[in-house]
Protein chains: 2
Amino acid sequence: MAKKKLEEVDLSTEEKIKDAARRVFMKKGYAATRTRDIAEAAGINLALLNYYFRSKEKLFELIMLEKLAKFFGAIAPILNDTNATLDQKISAFSNNYIDLLTANPELPLFILSEVRANPERFVNKLPVAKVAESHFIQQLQEKRPDVHPLHFLMNVLGLSVFPFVMKPVFHASGILNERAFAARMEERKALIPKWIMGMLKTK
Amino acid sequence: MAKKKLEEVDLSTEEKIKDAARRVFMKKGYAATRTRDIAEAAGINLALLNYYFRSKEKLFELIMLEKLAKFFGAIAPILNDTNATLDQKISAFSNNYIDLLTANPELPLFILSEVRANPERFVNKLPVAKVAESHFIQQLQEKRPDVHPLHFLMNVLGLSVFPFVMKPVFHASGILNERAFAARMEERKALIPKWIMGMLKTK
DNA sequence: GATCATTTTAATCAAATGTTTAAAAAATTG
DNA sequence: CAATTTTTTAAACATTTGATTAAAATGATC
């Protein structure tokens with residue numbers, strides 16, 4: 001006979017707690033998450049959270065580090081591939097990143113919400129330098145020295161990420177269901193490179 | 001002699017509380033905001049918050065309605081101006097909206113964070129229908145029947161809004177200060193219409 | 001200026017919340 | 001299998017937090 005709900009009975013206690021923390025923190029954010037929520041979601045005794053992770057904050061930092069690595073880690077390697085053309089980088093990025101976010105749709109808004117709610121905590125903690133000084137940026141400067149390269153970086157990022165950021169709004173509005181959203185995002189993989197390459201030619 | 005900090009001593013008590021609530025809710029979000037924070041920021045006795053607004057939640061709903069109206073209210077009129085061409089709508093939107101967000105930089109992330117943290121609360125409460133069925137959408141369908149119009153709506157919106165959503169990240173990373181950000185956004189007012197019109201021609 | 005209504009205050013309440021404690025249960029070791 | 005360590009549990013603790021209360025202060029009305 002099956003166990004109730006999503007309880008991961010085969011995992012170690014530590015992993016059960018981390019798994020539950022990922023779900024609850026991602027869904028409600030740090031401030032709205034109660035340690036009892038996590039304990040319940042993990043199917044463990046409340047005290048075990050502190051036994052294994054000392055505090056709610058320590059547990060959160062652990063999860064947040066994971067999520068930051070996932071969100072930012074996928075960007076830099078692609079944009080620093082010195083063997084790839086601009087076109088190739090943009091294509092690789094939109095394809096890979098849309099796949100990543102399709103598998104982790106709440107990732108961007110989770111990170112953005114937490115940084116906004118507590119910016120001091122993240123000062124010099126966000127691995128973005130590798131992106132801001134990437135080979136991609138250099139190529140942009142060569143191709144279009146008349147436009148600040150950050151514009152194009154922002155656009156590649158925005159065209160891929162922004163739909164996921166707006167997803168809760170569109171969903172609550174009932175104007176875009178799960179299936180339609182997935183279809184649009186699949187289309188964007190091919191559209192975004194075309195659009196951006198077009199931008200780079202626009203005078 | 002000046003009064004301490006930002007206390008708005010000339011306003012009515014009710015307005016003092018609302019003003020403080022706007023600041024604190026916008027900065028920390030609903031869950032992380034304590035009624036005592038608001039009372040302190042307003043320079044009033046804690047009990048007055050409940051005297052005038054019954055509860056933290058009621059006060060929040062008031063502020064949220066304001067912010068939703070500000071965020072969504074500016075979009076529909078522009079996109080439904082039947083006298084404006086596509087180009088004119090896009091130009092009017094990026095100019096007006098970037099001005100609006102420059103004056104209210106935390107507005108998008110505030111709304112997006114709250115919707116994400118509590119989506120049920122906003123079901124059928126977001127005035128987005130007027131946008132999804134706008135004259136702008138009709139024009140897009142005529143011009144490019146081969147691409148779903150939501151893509152272009154998403155792009156106009158994203159290119160304008162996404163930088164403000166990423167602002168805390170860029171700022172915490174130290175790769176974009178206040179002045180540089182303002183400069184880029186000023187540039188985007190003219191760039192976005194060019195980019196989008198280019199997209200509409202891209203086959 | 002006495003009476004009544006409105007606004008403000010200090011104190012308190014009850015519930016929620018992160019964390020700790022001490023003992024029980026389970027696992028490990030020699 | 002006895003001794004020891006590790007893990008789990010139930011209970012409780014100390015704060016925090018949203019809200020209320022009753023009285024005081026202020027303002028309005030006749």
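Chain naming here is simple, since letters A, B, ... match the order of the sequence lines and numbering starts at 1 in each.
Among the protein residues, Leu46(A) comes within range of the nucleic acid bases, having at least one heavy atom under 4.0 Å from a base atom.
What separates CG of Asn50(A) from P of dT8(D) is a distance of 14 Å, to the nearest Å. Look at CG on Leu48(A): it is 15 Å from C1' on dA11(D), rounded to the nearest Å. Rounded to whole Å, the distance from CD on Glu14(B) to P on dT7(C) is 9 Å. Rounded to a whole Å, the CD1 atom of Ile44(B) is 16 Å from the C1' atom of dT6(C). Separating the CG atom of Leu49(B) from the P atom of dA10(C) is a distance of 16 Å, rounded to the nearest angstrom. Look at CG on Leu59(B): it is 14 Å from C1' on dA19(D), rounded to the nearest Å. Between Lys56(B) atom NZ and dA19(D) atom P the separation is 8 Å, expressed in whole Å.
Geometrically, Arg121(A) does not engage Phe60(A) in a cation-pi contact, judged by NZ or CZ lying under 6.0 Å from the ring centre and within 45° of the ring axis.
Side-chain contact between Leu100(A) and Asn96(A) is absent, with no heavy atoms from C-beta onward closer than 4.5 Å. Inter-residue side-chain proximity for Arg144(A) and His151(A) is flagged as unmet; no heavy-atom pair is nearer than 4.5 Å. Looking only at side-chain heavy atoms (C-beta outward), Pro105(B) and Leu101(B) stay at 4.5 Å or farther from each other.
OP1 or OP2 of dA10(C) has at least one side-chain nitrogen or oxygen of Asn45(B) nearer than 4.0 Å. Distances shorter than 4.0 Å separate none of the side-chain N or O atoms of Thr13(B) from OP1 or OP2 on dT7(C).
Among the nucleotides dT19(C), dT6(C), dT6(D), the one closest to the side chain of Tyr51(B) is dT6(C). In this structure, the nucleotide among dT16(D), dT21(C), dG18(C) sitting nearest to the side chain of Arg34(A) is dG18(C). Candidate nucleotides dT17(C), dA19(D), dT21(C) were compared by shortest atom distance to the side chain of Arg36(A), and dT17(C) ranks first. For Tyr52(B), the listed nucleotide lying nearest its side chain is dT7(C); candidates were dT7(C), dG18(D), dA10(D). Here dA19(D) is the nucleotide among dT19(C), dA19(D), dT8(D) with the atom lying nearest to any side-chain atom of Thr35(B). Here the nucleotide nearest the side chain of Ala47(B), chosen from dT9(C), dT9(D), dA19(D), is dT9(C).
Using a cutoff of 4.0 Å between basic side-chain nitrogens and carboxylate oxygens, Arg22(A) and Glu106(A) are not scored as salt-bridged.
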